[in-house]
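One structure below.
Computed from a predicted model, the values in this text were never measured in an experiment. A, B, ... follow the sequence lines: proteins, then strands. Residue 1 opens every chain.
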Protein chains: 2
Amino acid sequence: MARNRRPQPKAEKRAELVAVARELFLEEGYEATSVSRVAKGASVAPNTVYWYFEDKDALFIAVLDELFAEDLAAYAEVAGASLAEQAFWLVGRLRRVRGLVATVHARVRVSPAIAAWHDRLHATIDAVIAHQLPGPVDPGVLAVESTIASFTVEGLITHDVPDDEARPVCDALAARLLSLARPG
Amino acid sequence: MARNRRPQPKAEKRAELVAVARELFLEEGYEATSVSRVAKGASVAPNTVYWYFEDKDALFIAVLDELFAEDLAAYAEVAGASLAEQAFWLVGRLRRVRGLVATVHARVRVSPAIAAWHDRLHATIDAVIAHQLPGPVDPGVLAVESTIASFTVEGLITHDVPDDEARPVCDALAARLLSLARPG
DNA sequence: ACCTGAACACCGTTCAAGT
DNA sequence: ACCTGAACACCGTTCAAGT
């Protein structure tokens, strides 16, 4: 048995790196967190990170995937609530991820991998909105209103709008979306 | 006369640095543009930049101020048009600045100077929107709708939504804002 | 397969020194 | 007042080498 075989099973070190990166990215921000700092947190040499991830953006995506999966799972709990409630819940939930949203947008231009991840995210959001509306809606109108709703929610998060201001905005968005499903 | 007195008058070198930074920030992005590269473009040593600006963020703000002043001046040309037309014009106009918007949001968390600049920007936008509405509007309602409008426009820019998709979104935003000023 | 030490080509920024 | 050379403490990433 090789001397450097760790007691840990295969992919566990990778998970540890993601866990450390996740906490640092959330707490200090992506740019402010060096790869070396992540490596130190997982007790490996800085360049070891590159055995598990192609580059820092790949590590970032692994963290984003983990966070997004959790949000999607937690969403099940409010899927039955009113649209306004759902939107408000989403804003509160994504607040922890605030700094990373801005980073994703900044890196979309420079990293094709981040751009692809971001596209998938918005496609998922649009699908969830469409699925929540009672009855069929004109596709063109739905696209417009879905755009308004998701960009507004994104703005509420990135601009850290407090609950008491975000609430009426969510109410207004929901009222607008629901009025589409009614005739007239 | 000192040997290193340049033929240029006082503040001209500063303006040259801003001009070089502006082009590089717009073309390559803020993070991708090194201070050294800006210095080289203005034919000075890298550290000379720090005689004119406190740090890289201060240089960024100088560029943002210049761009914003131009946008505000250009806005005079469409101030008389319909709200929908104004919004659509704004989206097109700010497209050149797309990358920098994401950078501002990312740096708001880390730089108080950028945060202050960003706050002033949004206050200006809200004031312009309020001024455009015919007749008085309930302040609470105005705040909500103004938020939706500015966040949506911001989203259209940062997500680089093409003209043919942005147009109906602008129309919908304007229709919503105008309905506020009418009774009912 | 997993990990390291050493190196590469950078960063933004500071400081003492020059004119 | 304006500018520079040299240095500081970093970056993200690569590569040859070790087990």
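- Going from atom CZ of B:F53 over to atom P of C:dG12 covers 15 Å, rounded to whole Å.
- B:Y50 places its OH atom 6 Å from the P atom of C:dG12, with the value rounded to the nearest Å.
- Relative ring orientation between B:Y75 and B:W89 is described as tilted, the plane-to-plane angle lying within the 30° to 60° band.
- In this structure, of C:dT4, C:dC3, D:dC2, it is C:dC3 that holds the atom nearest to the side chain of A:Y52.
- Partner assigned to C:dC10 is none, using Watson-Crick or G-U wobble distances below 3.5 angstrom.
- Each of C:dT4, D:dC11, D:dC2 was ranked by its minimum atom distance to the side chain of A:V44; first place goes to C:dT4.
- Between B:A45 and A:P46, the residue anchored closer to the 5' end of DNA chain D is B:A45, taking for each the nucleotide with the nearest heavy atom.
- Following rounding to the nearest Å, A:L17 (CG) and C:dC2 (P) show an atom-to-atom distance of 12 Å.
- Judged by distance alone, with hydrogens and angles left aside, the side-chain atoms of A:R95 form a donor-acceptor pair with the main-chain N or O of A:V161 at under 3.5 Å.
- Under a 3.5 Å cut-off, the side chain of B:R167 and the backbone N or O of B:A84 do not form any donor-acceptor pair.
- The partner of D:dT4, taking Watson-Crick or G-U wobble pairs whose two distances both stay under 3.5 Å, is C:dA16.
- Nucleotide C:dG12 holds its C1' atom 17 Å from the CZ atom of B:R37, rounded to whole Å.
- In this structure, B:Y30 places its OH atom 9 Å from C1' of C:dG12, rounding to the nearest Å.
- The CD-P distance, from B:E12 to D:dC2, rounds to 12 Å in whole Å.
- For B:L59 and C:dC11, the CG to P distance is 15 Å, given to the nearest whole Å.
- Here D:dG12 is the nucleotide among D:dG12, D:dC2, D:dT4 with the atom lying nearest to any side-chain atom of A:K56.
- The listed nucleotides are C:dG12, D:dT4, D:dT13; the one nearest the side chain of B:V35 is C:dG12.
- Nearest to the side chain of A:S36, among C:dC3, D:dC11, C:dC2, sits D:dC11.
- Closest contact between the side chain of A:K13 and the listed nucleotides C:dT13, C:dC3, D:dA1 involves C:dC3.
- Proximity of a side-chain donor or acceptor of B:T33 to a complementary backbone N or O of B:L24 within less than 3.5 Å is detected.
- Atom CD of A:E28 is separated from atom C1' of D:dC11 by 16 Å (rounded to the nearest Å).
- Listed nucleotides C:dT4, D:dG12, D:dT4 differ in distance to B:T48; the shortest reach to its side chain belongs to D:dT4.
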Test log, rule salt bridge (charged side-chain N to carboxylate O under 4.0 Å, His left out), inputs B:R93 and B:E77: CA-CA 12 Å; B:R93 171 93 194 174; B:E77 293 173 25; over 6 Å; no

